[in-house]
Amino acid sequence: MPPIFFDAETLRMREIVGTNLQRVRTRIGEAAARAGRSAEDVTLVAVTKQVGVKEAEALLAWAARDLGENRPQELWRKAAAVHGEVRWHLIGHLQRNKVRRTLPLVSMIHSVDSLRLLRALEQEANQQQLALRVLLEVNTSAEPAKHGFDPEELIKTRPEWLALEHVRIEGLMTMAALVADAEQARPAFRKLRELRDRLQGERLYLPHLSMGMTNDYEVAVEEGATLVRIGRALFEGLEPSAGSSDAREAAAR
Ligand SMILES: *Cc1c(COP(=O)(O)O)cnc(C)c1O
């Protein structure tokens, strides 16, 4: 059981996280309204990679239950340590040797970036007899260093998706290039939506678009995001956390 009474520092941290969450939720609502959409159609995935277990639990206290991690091992660690009901989202690269352990823990994998991985997921989901929800990651900025399918390559693989029995492809995900002005990310988000529209139909329903981070989530919502992945904006004003994976890695160096 988590403690019922908290020390002053924890209470202060929870208050800051709550205020940040409120602000981000308001902005998501405003961006949705500008696009004639409902705020309820946008799920906030709170990215906890830069914070520890306490901060993740603070999010739960404010009813943010969709939490995201970009590294499988860190997701395993937090899934074991965080008290409360979490829907875990894996949003970063998954190596095939980590598939088995990751599968039973996640609500959705956003970052399926190759056919090889897709096939490995189908095989393991069959083994574990579970239904797995995934998104295919698309490299919309054509940066060679980035993970993800090239859009044309993705279209060619479509026949193979229809044969999957345990993996359910629910949409697409992208990371926009780092830009100075969020407006510059708009073409990448629009491209993802248009690609989804082209792929959808004929036995394929692709309701989800995972796009938008702290820098550009409002533009992403205007362009149709159904999942936004936000980290930094939720933890502004907090001391750097000793419990984060980044901090522990720095200490180990
Ligand atoms: C870290 C991360 C995010 C969140 O980024 P912020 O800038 O902290 O909002 C979103 N998506 C992915 C894939 C990430 O790795």
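On a predicted model such as this, the values are computed, not experimentally measured, just so you know. Order of appearance sets the numbers: ligands from 1, and atoms from 1 within every ligand.
Scanning the protein for heavy atoms near atom 11 (N) of ligand 1, the closest one is Arg229 NE, 2.9 Å. Closest to atom 8 (O) of ligand 1 among all protein heavy atoms lies Arg232 N, 2.8 Å. When only non-hydrogen protein atoms are considered, atom 5 (O) of ligand 1 lies nearest to Met213 CE, 3.5 Å. Considering only non-hydrogen protein atoms, atom 9 (O) of ligand 1 sits nearest to Thr214 OG1, 2.5 Å.
The distance from ligand 1 to the heavy atoms of Ile230 drops below 4.0 Å at these ligand atoms: 9 (O). Atoms of ligand 1 lying under 4.0 Å from any heavy atom of Gly231, numbered from 1 in the order shown and given with element: 4 (C), 6 (P), 8 (O), 9 (O). Applying the 4.0 Å criterion to heavy atoms of Asn70 picks out, from ligand 1, the atoms 15 (O).
When only modelled atom types and interatomic distance are considered, Glu137 and Thr174 share no side-chain donor-acceptor pair under 3.5 Å. One side chain, Asp7 or Thr10, offers a donor N or O that lies under 3.5 Å from an acceptor on the other. Judged purely by distance below 3.5 Å, without hydrogens or angles, the side chains of Gln127 and Gln123 never pair a donor atom with an acceptor atom.
Note that Arg27 lies outside the cation-pi zone of Tyr217, set by a 6.0 Å cut-off to the ring centre and a 45° limit from the axis.
When heavy-atom distances to ligand 1 are checked against a 4.0 Å cut-off, Ile91 comes that close through both its backbone and its side chain. Under 4.0 Å from ligand 1, the heavy atoms of Lys49 that appear belong solely to its side chain.
Aromatic ring orientation, His93 versus His147: parallel (interplanar angle below 30°, classes split at 30° and 60°).
Here Glu160 pairs with Arg119 in a salt bridge; the nearest charged N to carboxylate O distance falls below 4.0 Å.
One N or O on the side chain of Arg65 and one on the backbone of Glu85 form a donor-acceptor pair closer than 3.5 Å.
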